[in-house]
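Structure record follows, encoded as structure tokens.
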2 protein chains.
Amino acid sequence: MFTFDQLAGFIAVAEELHFGRAAERLNMTQPPLSRQIQKLEKAVGAELLERDNRKVQLTAAGRAFLEEARRLMALASRAPVTARRIASGRSGLLRIGFTAASGFSILGPLLEEISATLPDVDIDLQELVTGEQIAGLLSGELDLGLARPPFDNEIFDSHLLYREAMVLAVPSGHPLAELNRDITEKDLRDEPLIMHSSTQARYFYDLVVRMFPVQHANVVHTVSQILTMVSLVAAKRGVAFVPHSATLLGVHAVEFLPLESSVNDPVELHAIWTRNITNPALALALRTLDFQEN
Amino acid sequence: MFTFDQLAGFIAVAEELHFGRAAERLNMTQPPLSRQIQKLEKAVGAELLERDNRKVQLTAAGRAFLEEARRLMALASRAPVTARRIASGRSGLLRIGFTAASGFSILGPLLEEISATLPDVDIDLQELVTGEQIAGLLSGELDLGLARPPFDNEIFDSHLLYREAMVLAVPSGHPLAELNRDITEKDLRDEPLIMHSSTQARYFYDLVVRMFPVQHANVVHTVSQILTMVSLVAAKRGVAFVPHSATLLGVHAVEFLPLESSVNDPVELHAIWTRNITNPALALALRTLDFQEN
DNA sequence: ATCGAGTGATACCCGGAAGGCATCATGTTT
DNA sequence: AAACATGATGCCTTCCGGGTATCACTCGAT
């Protein structure tokens, strides 16, 4: 096998067609350069240069090998640059999981900021419920999650993205909309309710149950996606508790009513990631987004 | 700059994720391999492997660099192969000049034989008159010519491809065709003659002038291409001396009459090339075609 | 024809790089 | 706690690669 020095020597000689000048260009003397070329030719197994005691010429094989040598040198000089870019986080891949609800509001601005400051970082997006995001983060298939509590603070570091109030989604023209006041528990006693899945959307489920003693008899549907809920409300299947950002969905024939504030815990959305960061792009992204405490 | 050994070491470790096993695969001991990787990381300017005293893992930069390293090694191992192929003549480029007349007959079989025995040799064809071929061979723009004498035997080596008689092309139904005997000088005393260019087709011009004392008053056209001549004969513009292979052109309304043999020097077509062969593909082609004396 | 200049190859020497062996440091397993 | 596994380090030796001096050969000028 030949060496990069031999390749560089060959390229210099091939360009100068003169060992002395080539050696000067390489900051060395002529004799070792001659030997370099000899060794290279031996390693390649073909004459690359025809030396005629008066002038130097490329052979046919030499011309072909020159191209390969240039390609090798170019590749060899670029490889560390890309590696350093990736190590620094300025380049690479960021795999982000997000809940459907976060997609309406925070995801857009967040991606915009990342791609503006880190244009060479590729972003891979997956819509996943919180539980799936946590599994993805733990298995290393995900770098960053946009998820809701609870999650293990021993393993995950996190940054609160926003809190928002829950509202009640009702079909347009629904009697509750006429009240013009905050909705109370009593108002919902006989309303058909579209409820969150207790497994797929555990956070919302727990939150709602904590807020209102839900009459299970009233539950007409159990779904996991906010958009599905709002669509069902629009179809007059019932009313539903949704985060305030659901108003941004722009579904027609739905109104959103405030809930009695005393019991209305705001819902939270967090950016979460494992504490042992291995992806430099994540480290840099967290720093530029100001998510890291330190 | 790093070395190929370092790259090979890194690839081995990255694949084994174990310094000891990687070292064994590389037929060396573990300590120098550890140092190789350290030097490589220093040269690249980024951590490529995360060593954890228990297990070895690739970093993000390491994964990217691994790809580049594999590409480099593949390129480096292929480059000598292609160079050797070209040096041996089994691969490369053969630039062949040919006269229009040779195109009718010998060129096809010749190309067929070359491409059958040397399938990886690219062939570049140019139709050129003999003079242009000689210039091309001397300037190095051409490897092989299919041309007519004269050429300098000091500079060029050659191989006689074929000799053929000259014939007289006459329009169909021409009175001379009725004679049913060889054409003599006297028969042509009053015939309008389509003549070869004395500069562009010097060989034919000299040959014809040597054969028949051409009446310059009879010359109605001066052209350089055999096909043009035959076409003009078909158009009844006159008669013309052409090599026998012109019968293969398949131009309608033309007949070819034999010439008095005593004066009929055959015309020759030679393959010619400069004696100092630099293109290995040419050397090999000449050998497979049995053109070389030695 | 001869001599000098130019150019690549060779001979020889020396310093540093790379590999091997022995050993250390550290974390895991029993 | 002890034994084991594994990568890092220290030290020695060898060998590779560069430098200097010189040779061999060709070409051009006198």
Side-chain angles (χ1 to χ4, degrees), chain A residues 1-44 46-59 61-63 65-66 69 72-73 76 275-276 278, chain B residues 1-59 61-63 65-66 69 73 76 275-276 278:
Chain A
M1 177 66 78
F2 44 84
T3 70
F4 284 108
D5 284 347
Q6 288 166 8
L7 290 179
F10 171 64
I11 292 171
V13 175
E15 283 174 2
E16 299 284 347
L17 293 178
H18 189 289
F19 278 74
R21 279 197 298 276
E24 192 177 356
R25 208 171 93 179
L26 296 165
N27 294 315
M28 63 190 294
T29 55
Q30 169 264 320
L33 180 57
S34 284
R35 281 182 307 227
Q36 265 190 355
I37 304 295
Q38 288 165 14
K39 288 200 177 163
L40 178 61
E41 287 178 321
K42 197 167 180 179
V44 170
E47 264 204 351
L48 302 176
L49 292 165
E50 200 165 328
R51 292 82 124 183
D52 164 81
N53 246 337
R54 203 70 202 158
K55 65 181 184 298
V56 178
Q57 257 185 315
L58 278 167
T59 63
R63 269 188 295 277
F65 192 77
L66 177 58
L72 274 164
M73 293 301 287
R275 290 188 177 273
N276 65 344
T278 58
Chain B
M1 176 67 77
F2 44 86
T3 71
F4 283 107
D5 284 346
Q6 287 166 9
L7 290 179
F10 171 64
I11 292 172
V13 175
E15 283 174 2
E16 300 284 348
L17 293 179
H18 189 288
F19 279 75
R21 279 196 298 276
E24 192 177 357
R25 208 171 93 180
L26 296 166
N27 295 314
M28 63 191 291
T29 55
Q30 170 265 321
L33 180 57
S34 283
R35 280 182 302 230
Q36 265 190 357
I37 303 295
Q38 289 165 11
K39 287 202 178 161
L40 178 61
E41 287 178 319
K42 197 167 180 181
V44 169
E47 263 205 354
L48 303 175
L49 293 164
E50 200 165 329
R51 292 81 125 185
D52 163 80
N53 248 339
R54 200 70 201 159
K55 64 181 185 298
V56 179
Q57 256 185 316
L58 278 167
T59 63
R63 269 188 295 276
F65 192 78
L66 177 59
M73 293 301 287
R275 288 186 178 275
N276 65 345
T278 58

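All values reported here derive from a predicted model rather than from experimental measurement. Naming convention: chains lettered A, B, ... in sequence-line order (proteins, then strands); numbering from 1 in each chain.
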* Asked: Under 4.0 Å between a side-chain N or O of R51(B) and OP1 or OP2 of dA8(D)?
  -> yes

* For F19(B) and dG19(C), what is the distance between atoms CZ and P respectively, to the nearest whole Å? -> 14 Å

* Asked: How many angstroms lie between atom OG1 of T59(A) and atom CD of E50(A), to the nearest 0.5 angstrom?
  -> 7.5 Å

* Asked: So, is Q38(B) close to the dT9(D) phosphate, meaning a side-chain N or O under 4.0 Å from OP1 or OP2?
  -> yes

* **Shortest non-hydrogen contact between A43(B) and M1(B), atoms and distance** => CB-C, 4.3 Å

* Indicate yes or no: at least one non-hydrogen side-chain atom of L7(A) is less than 4.5 angstrom from one of F65(A). => yes

* Does any N or O in the side chain of Q57(B) come within less than 3.5 Å of the main-chain N or O of D52(B), such that one atom is a donor and the other an acceptor? -> no

* Asked: Using rotation axes that map the C1' atoms of four end pairs onto the next four (five pairs an end), what angle separates the end axes of the helix from dA1(C)-dT30(D) to dT30(C)-dA1(D), to 10°?
  -> 10°

* Gap between atom CZ of R25(B) and atom CD of E15(B) - 0.5 Å precision -> 4.5 Å

Could you list, one pair per line, each protein nitrogen or oxygen that sits under 3.5 Å from a nitrogen or oxygen of nucleotides 22-27 of chain C, together with the distance?
{"residue": "dT26(C)", "atom": "O4'", "partner": "N53(B)", "partner atom": "ND2", "Å": "3.3"}

* **N/O (side chain, H18(B)) to phosphate O (OP1/OP2, dA5(D)) under 4.0 Å** => no

* Tell me: CG of L40(B) to C1' of dA18(C), nearest whole Å? -> 15 Å

* Structure fact -> Shortest non-hydrogen pair, G9(B) vs L26(B), comes out as CA-CD1, 3.7 Å

* To do: Report the distance from atom CD of E16(A) to atom P of dT7(C), rounded to the nearest whole Å.
  => 12 Å

* Would you mind reading off the distance between F4(A) atom CZ and dG17(D) atom C1', rounded to a whole angstrom? => 18 Å

Tell me which donor-acceptor pairs under 3.5 Å the side chains of residues 29-40 of chain A have, and how far apart each pair is, sequence neighbours excluded?
{"residue": "Q30(A)", "atom": "NE2", "partner": "S34(A)", "partner atom": "OG", "Å": "2.9"}

* Select from R35(A) and P32(B) the residue whose nearest nucleotide in DNA chain D is closer to the 5' end of that strand. => P32(B)

* Asked: Within the pair S34(A) and dA9(C), is there a side-chain N or O less than 4.0 Å away from OP1 or OP2?
  -> yes

* **d(CE, M1(A); P, dC16(D)) in whole Å** => 17 Å

* Hey, does the side chain of K55(B) come within less than 4.0 Å of dG7(D)'s phosphate (OP1/OP2), counting only N and O? -> no

* To do: Let me know the distance between CD1 of I37(A) and P of dG8(C), rounded to the nearest Å.
  => 11 Å

* To do: Could you tell me the separation between the CD atom of E41(A) and the C1' atom of dA9(C), rounded to a whole number of Å?
  => 13 Å

* Asked: Between Q36(A) and dG18(D), is there a side-chain N or O to OP1/OP2 distance below 4.0 Å?
  -> yes

* To do: Give the rounded distance in Å between these two atoms: CD of Q57(B) and C1' of dT6(D).
  => 15 Å

* Asked: Pick one: which of V44(B), L58(B), D5(B) meets side-chain contact (heavy atoms from CB on, under 4.5 Å) with F10(B)?
  -> L58(B)

* **Heavy-atom closest contact (L48(B) atom, E41(B) atom, distance)** => N-OE2, 2.8 Å

* Asked: Would you call the rings of F4(A) and F4(B) parallel, tilted or perpendicular, where under 30° means parallel and over 60° means perpendicular?
  -> parallel

